[in-house]
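Contents: one structure, followed by commentary.
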Amino acid sequence: MTPASTVFPREPHWEGDGTHRIPFLAYTDPQLYQRELERFFYKGHWCYVGLEAEVPNPGDFKRTVIGERSVILVRDADGAVNVVENVCAHRGMRFCRERHGNRKEFVCPYHQWSYTLKGDLQGVPFRRGVKQDGKAVGGMPADFKTSEHGLTKLKVATRGGVVFASFDPEVEPFEEFMGPTILGYFDRLFNGRPLKILGYNRQRIPGNWKLMQENIKDPYHPGLLHTWFVTFGLWRADNKSALRMDEKHRHAAMISTRGAAGNAEQVTQVASFKANMQLNDPSFLDIVPEPWWGGPTAVMTTIFPSVILQQQVNSVSTRHIQPNGHGTFDFVWTHFGFEDDSDEMTRRRLRQANLFGPAGFVSADDGEVIEFSQQAFESKPFHRTLAELGGHEVGDTEHMVTETLIRGMYRYWRDVMEA
């Protein structure tokens, strides 16, 4: 049986709307992956690039990526935030190598072409040639116009101190892309208070990029996989909870309110629950409710395709998904707080950040299960995964014992990939 390599296969095991059984091929086929880059990262979607607090001053820049394309988030002399592609208009070199810095202009080291912080070409060495024996030789043609050879400028949207960009000049407005439901959870976290950067984690996970979107659309696993969550009551199946999606089912929010720690019938009869587990440092559970929470103690928001917004009690961060081939992605965590946080709250946020990141008490588990899943997919590309918990339907729920968000994401995935 030979699957089509460029079309997501409609094979007999797809049932109903075809979103509850996902072929391993969706995670392993290089040509499908190239189509994903074009249709999700380079066209029709807003992608996360950073926080305005990362570039507070004129000239500050941050190098990052959208899909596999290198881009630069930069604040220009007028204070505006721009995003330009890190590809010289001359010979195509990725000219910026630093992750962060401050510049008055961008200069490509290859031939010294220089650009303003808005991306306009401003300088071309020997543009008018050089003089030899009293006459000019060489140089650019007379009809060469610097205005036609700037850096690729992306469309930019900022909201609440967060910066998104798109290569697609026809992309829908950011608020429409998000939809009112998910925009409400976005605004809950990014409510206009100035942000303060606390630090970064970076890791490379050997798995398909969609697996991280799935992981944070999967409320089934946290109370089973993560000893920390189920033992200390931070995220369990018996917590008060809700799942919400936008109307296209691409974005989602998992909302949970912390219950009690310790034994509870059903949810603690699992191997990951450790009744005798104690903390050497109880300050890791020094949780202080904040007024902006509005009730829930955790909201995990996935914005398709590029970013996860994390609020787990007092720890808040963005998690940027950066694909690097069909079987690998980089995962960049930006931990932040708010400018008006007390020193004590900043320390609390940093302590709780130990749950997350490459070696986090919780997140280390996710990186491993994604890696082991990808290994299985590669070994058996004609098999499929199962996402039938809670039925075959797609819709909002008031509980966590379902895989509806994953089914919703693949309904959207197929709509776009098979168009």
Side-chain angles (χ1 to χ4, degrees), residues 8 14 17-29 32-33 36-37 39-41 45 48 182 203 205-226 229 235 243-246 248-256 299-310 319-331 356 362-378 381 383-397 400-417:
F8 197 46
W14 285 92
D17 60 16
T19 63
H20 54 279
R21 296 187 177 182
I22 305 140
F24 285 5
L25 193 73
Y27 310 99
T28 62
D29 188 279
L32 274 177
Y33 169 68
E36 288 177 332
L37 289 176
R39 297 196 176 187
F40 295 129
F41 289 90
H45 293 71
Y48 172 83
I182 300 303
Q203 67 187 118
I205 298 178
N208 183 271
W209 68 273
K210 295 188 298 299
L211 291 172
M212 187 52 77
Q213 279 278 341
E214 286 183 32
N215 181 267
I216 312 297
K217 295 180 189 286
D218 172 15
Y220 187 26
H221 84 274
L224 299 170
L225 173 66
H226 300 309
F229 275 170
W235 191 291
L243 305 179
R244 298 290 183 263
M245 287 175 275
D246 72 307
K248 293 185 177 180
H249 310 121
R250 51 187 171 184
H251 317 311
M254 299 198 304
I255 305 116
S256 177
V299 176
M300 299 295 294
T301 306
T302 46
I303 300 176
F304 193 85
S306 64
V307 72
I308 295 150
L309 309 178
Q310 170 201 304
R319 308 180 185 182
H320 189 187
I321 300 169
Q322 304 179 351
N324 185 20
H326 77 271
T328 311
F329 64 95
D330 290 340
F331 204 36
F356 310 107
V362 173
S363 298
D365 304 339
D366 295 320
E368 285 198 343
V369 297
I370 286 174
E371 177 179 0
F372 298 152
S373 296
Q374 188 70 26
Q375 290 172 358
F377 300 158
E378 299 285 357
H383 199 49
R384 85 292 182 274
T385 74
L386 190 68
E388 295 186 355
L389 190 72
H392 296 177
E393 296 76 21
V394 172
D396 295 347
T397 72
M400 294 285 184
V401 191
T402 179
E403 292 166 318
T404 184
L405 303 184
I406 295 173
R407 293 191 292 272
M409 185 182 89
Y410 279 101
R411 178 178 292 181
Y412 176 72
W413 190 96
R414 293 193 71 186
D415 286 346
V416 175
M417 290 289 283

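All values below were derived from every heavy atom in this structure, side-chain atoms included, with hydrogens, water molecules and symmetry-related copies excluded.
At distances below 3.5 Å, not a single donor-acceptor pair connects side-chain atoms of H326 with backbone N or O atoms of N208. Although no hydrogens or angles enter the test, the distance criterion places no donor-acceptor pair under 3.5 Å between the side chain of R244 and the main chain of A253. Not a single donor-acceptor pair under 3.5 Å links the side chain of E214 to the backbone N or O of I406. Side chain of T302 to backbone of Q213: no donor-acceptor contact under 3.5 angstrom is found. In this structure, the side chain of D218 does not engage the main chain of E403 through any donor-acceptor pair within 3.5 Å.
We find that E388 and R21 are joined by a salt bridge, their nearest charged nitrogen and carboxylate oxygen being less than 4.0 Å apart.
The shortest distance between side-chain heavy atoms of K248 and D415 does not fall below 4.5 Å. Between T402 and Y220, the closest side-chain pair of non-hydrogen atoms is not below 4.5 Å.
Applying the salt bridge (Lys or Arg N to Asp or Glu O under 4.0 Å) rule to K210 yields the partners E36; only residues at least two apart in sequence or on another chain are considered. Every salt bridge (Lys or Arg N to Asp or Glu O under 4.0 Å) that R250 has, sequence neighbours left out, goes to E172, D246.
The aromatic rings of Y412 and F304 stand perpendicular to each other, their planes meeting at an angle above 60°, with 30° marking the opposite boundary. Taking the six-membered ring for Trp and thresholds of 30 and 60 degrees, F331 and F329 have ring planes more than 60 degrees apart, a perpendicular arrangement.
Note that CD1 of I308 is 10.5 Å distant from NE2 of H320, once rounded to the nearest 0.5 Å.
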